[in-house]
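Below: the structure, in structure tokens.
Count residues from 1 along the sequence. Nothing here was measured: the structure is a model prediction, and the numbers come from that model. Just so it is clear, the values below take in all heavy atoms, side chains as well, and ignore hydrogens, waters and symmetry mates.
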Amino acid sequence: MGNKPTIAISHLGCEKNRIDSEHMLGLLAKAGYPVDNDEELADYVIVNTCSFIQAAREESVRTLVELAEANKKIIISGCMAQHFQDELLTELPEAVAIVGTGDYQKIVEIVERVETGERVKEVSTDPTFIADENLPRYRTTTEGVAYLRVAEGCDYRCAFCIIPHLRGDQRSRSIESIVKEARQLASQGVQELILISQITTNYGLDLYGEPKLAELLRALAEVDIPWIRVHYAYPTGLTPKVIEAIRETPNVLPYLDLPLQHSHPDILRAMNRPWQGRVNDGIIERLKQAIPNAVLRTTFIVGFPGETEEHFSHLLEFVKRHEFDHVGVFTFSAEEGTAAFGLPNPVPQAIMDERRERLMLTQQPISERKNQAYIGQTVDVLIEQENPETGELIGRSARFSPEVDGLVYVTGEAILGAIVQVRITSADTYDLYGEIV
């Protein structure tokens with residue numbers, strides 16, 4: 001057997017996708033393949049694509065075309081591979097393999113088949129696979145942080161979302177399996193564990209017959225990791241039991257990521273989220289009372305078909321009233337294969353962009369005020385990067401999740417991947433500045 005080909009991964013898309021990339025890297029490394037960060041030097045490039053919205057697909061296609069022009073042998077994996085398998089094979093002669101979202105665990109065998117000259121298409125129509133703690137994994141995040149997937153897929157059918165079609169129905173891992181992986185990560189020095197799935201508040205429903213997030217959080221209290229953060233909590237799933245588990249589990253951060261999408265009952269109904277319309281205001285007030293120190297992040301979609309100026313004003317008022325810590329805003333993207341695709345009364349792109357801008361401008365002073373409240377306080381900060389030129393350190397406090405929220409710029413000495421105490425000296429709209437105590 002000759003030398004094995006070198007493989008690079010070009011990673012696009014969300015952190016669910018990132019975990020798939022990390023498992024492919026782990027499996028290839030274990031099988032003795034040289035893995036290289038440099039796509040130029042690699043024999044094969046695995047492009048782990050995203051197909052969530054138009055902009056993500058365009059980025060995926062750009063990456064594929066650039067690599068094809070550089071005469072790279074390309075293996076296409078991820079959501080776009082699942083979504084457009086035949087088109088990609090037809091359009092990109094450089095693609096030597098197409099790997100579905102439920103098939104990445106076969107990557108070593110796929111590469112072996114490609115090496116014999118076969119053009120491989122490995123796509124399960126209905127993905128059912130979910131990795132556990134025994135599947136090799138090579139982390140690509142900074143050393144202090146790891147994502148841990150508690151479930152894959154989704155049983156909801158929101159009108160704008162293609163994900164269930166691309167990743168299948170929800171399938172949860174057992175509490176034991178998740179705790180085992182958390183312990184492995186703790187032994188690697190991980191300080192922050194981010195629990196992810198499509199809807200983390202529905203965790204366990206398929207496996208145990210009822211949601212088990214509260215039980216999972218309490219089980220993770222036994223693991224030696226100081227910060228546990230939960231992403232994608234549906235407000236209706238934040239039951240008294242879950243709230244109590246968040247409050248009583250010392251290493252679970254009071255950080256609630258609520259993908260609300262809109263505030264107006266008409267739009268929520270059109271989005272196929274009617275259950276949410278009745279609970280928005282009440283549930284947020286209840287959460288704030290139950291967890292007074294809660295950090296609230298949310299995302300909204302503006303420009304859903306039929307959204308009027310009145311619907312949008314309702315959303316602006318909602319954002320002013322509840323004063324979220326962090327708000328992400330997306331403009332609606334019509335996705336073929338979703339219920340919203342053919343809806344009448346589309347909102348012109350220029351109006352969508354303008355609404356997004358107005359919503360962001362409404363939120364900015366709120367974010368800034370929240371940040372300024374920390375001036376003079378001492379907070380824990382996980383140090384993640386060092387600027388070699390200035391010696392300045394960059395990290396995050398518990399209020400900030402990676403990549404979506406702000407950063408803390410720090411002066412002083414600390415090791416990367418450690419949590420240190422930082423006195424906050426100044427703040428702007430998105431970031432904090434301080435010095436190590």
Residue of the set D155, D126, D103, D20 for which salt bridge (charged side-chain N to carboxylate O under 4.0 Å, His left out) holds with R167: D20
Salt-bridge present (R137, E181; N to O < 4.0 Å): yes
Heavy-atom closest contact (F84 atom, S51 atom, distance): CE1-OG, 3.7 Å
Heavy-atom check, side chain of I178 versus side chain of E133, under 4.5 Å: no
Main-chain N/O of T338 paired with R157 side-chain donor or acceptor, under 3.5 Å: no
Ion pair E22/R139, N-O distance below 4.0 Å: no
Option passing side-chain contact (heavy atoms from CB on, under 4.5 Å) with L296 (candidates K288, E323, K370): K288
Over all atoms of both residues, closest heavy-atom pair of I74 and A68: CD1-N, 3.8 Å
Student check: side-chain heavy atoms of E357 and E354 closer than 4.5 Å: no
Residues E222 and R183 bridged, charged N to O under 4.0 Å: no
Donor-acceptor under 3.5 Å (R247 side chain, A290 main chain): yes
Shortest non-hydrogen contact between D353 and T331, atoms and distance: OD1-CG2, 3.8 Å
Expected output: side-chain N17 to main-chain G78 donor-acceptor under 3.5 Å: no
Backbone N/O of V329 and side chain of R356: donor-acceptor pair under 3.5 Å: yes
Derivation of the ring-ring contact (aromatic ring centres under 6.0 Å, His included) call for Y156 and Y234: CA-CA 11 Å; Y156 286 169; Y234 266 52; 5.4 Å; yes
More than 12 heavy atoms from other groups under 6.0 Å of CD on E40: no
Q82 and H165: side chain donor to acceptor below 3.5 Å: no
Verdict with reasoning, L407 to R396, per side chain to side chain contact (heavy atoms under 4.5 Å, CB included): CA-CA 5 Å; L407 296 169; R396 289 175 297 104; 4.0 Å; yes
CD (E310) with more than 12 external heavy atoms under 6.0 Å: no
Y33 versus D43, side-chain donor and acceptor atoms under 3.5 Å: no
Flag for R286-Q289: side-chain donor and acceptor within less than 3.5 Å: no
Side chain to side chain, F300 and F330, heavy atoms closer than 4.5 Å: no
Pairwise distance NE2(H231) to CG(L258) - rounded to 0.5 angstrom: 11.0 Å
R297/S401 under side chain to side chain donor-acceptor pair (under 3.5 Å): CA gap, chis, key distance, verdict: CA-CA 9 Å; R297 144 168 279 282; S401 199; over 6 Å; no
Short side-chain donor-acceptor distance under 3.5 Å, D36 and T6: no
is_close_aromatic(H322, F318), centroid dist under 6.0 Å: yes
4.5 Å side-chain heavy-atom contact, L238 and L287: yes
S197 and T200: side chain donor to acceptor below 3.5 Å: yes
E336 atom CD, over 12 foreign heavy atoms within 6.0 Å: no
Trace of the salt bridge (charged side-chain N to carboxylate O under 4.0 Å, His left out) decision for K241 with E215: CA-CA 9 Å; K241 203 161 92 165; E215 289 79 354; 3.0 Å; yes
Side-chain touch Q170/C154, heavy atoms, less than 4.5 angstrom: no
Ring geometry between H23 and Y104 (parallel below 30°, tilted from 30 to 60°, perpendicular above 60°): parallel
Student check: side-chain heavy atoms of L148 and I194 closer than 4.5 Å: no
Side-chain touch F332/M352, heavy atoms, less than 4.5 angstrom: yes
From CA spacing to verdict: side chain to side chain contact (heavy atoms under 4.5 Å, CB included), L256, V295: CA-CA 6 Å; L256 299 173; V295 174; over 6 Å; no
S333 and E335 side chains, donor-acceptor separation under 3.5 Å: yes
Within 6.0 angstrom of D38 CG, more than 12 heavy atoms from elsewhere: yes
Short side-chain to backbone donor-acceptor contact, R171 and D169, under 3.5 Å: yes
Any donor-acceptor N/O pair, D132 side chain to S177 backbone, under 3.5 Å: no
More than 12 heavy atoms from other groups under 6.0 Å of OH on Y138: no
Ionic contact status for R355 with E309, cut-off 4.0 Å: yes
Exam field: side chain T298 to backbone L260, donor-acceptor pair closer than 3.5 Å: yes
E66 with R62: basic N within carboxylate O range, under 4.0 Å: no
Main-chain N/O of I175 paired with K180 side-chain donor or acceptor, under 3.5 Å: no
Worked check of salt bridge (charged side-chain N to carboxylate O under 4.0 Å, His left out) between R321 and E317: CA-CA 6 Å; R321 184 162 67 247; E317 285 308 310; 5.5 Å; no
Minimum side-chain heavy-atom gap I75-V47 below 4.5 Å: no
Salt-bridge contact R218-E248 (side-chain N to carboxylate O under 4.0 Å): yes
P254 backbone acceptor or donor facing R229 side chain under 3.5 Å: no
Check against ring-ring contact (aromatic ring centres under 6.0 Å, His included), Y430 and H326: CA-CA 9 Å; Y430 297 114; H326 312 289; 8.8 Å; no
Backbone N/O of A186 and side chain of D224: donor-acceptor pair under 3.5 Å: no
Derivation and outcome, side chain to side chain contact (heavy atoms under 4.5 Å, CB included), residues F312 and I267: CA-CA 10 Å; F312 178 68; I267 298 294; over 6 Å; no
Test log, rule side chain to side chain contact (heavy atoms under 4.5 Å, CB included), inputs K73 and V45: CA-CA 6 Å; K73 289 185 272 194; V45 181; over 6 Å; no
Intermediate values then yes/no, side chain to side chain donor-acceptor pair (under 3.5 Å), E115 and Y44: CA-CA 10 Å; E115 279 284 276; Y44 291 97; 2.5 Å; yes
Modelled atom types, side-chain donor and acceptor of E58 and Q54, under 3.5 Å: yes
Partner of R399 under side-chain contact (heavy atoms from CB on, under 4.5 Å), chosen from D325, L253, N293: D325
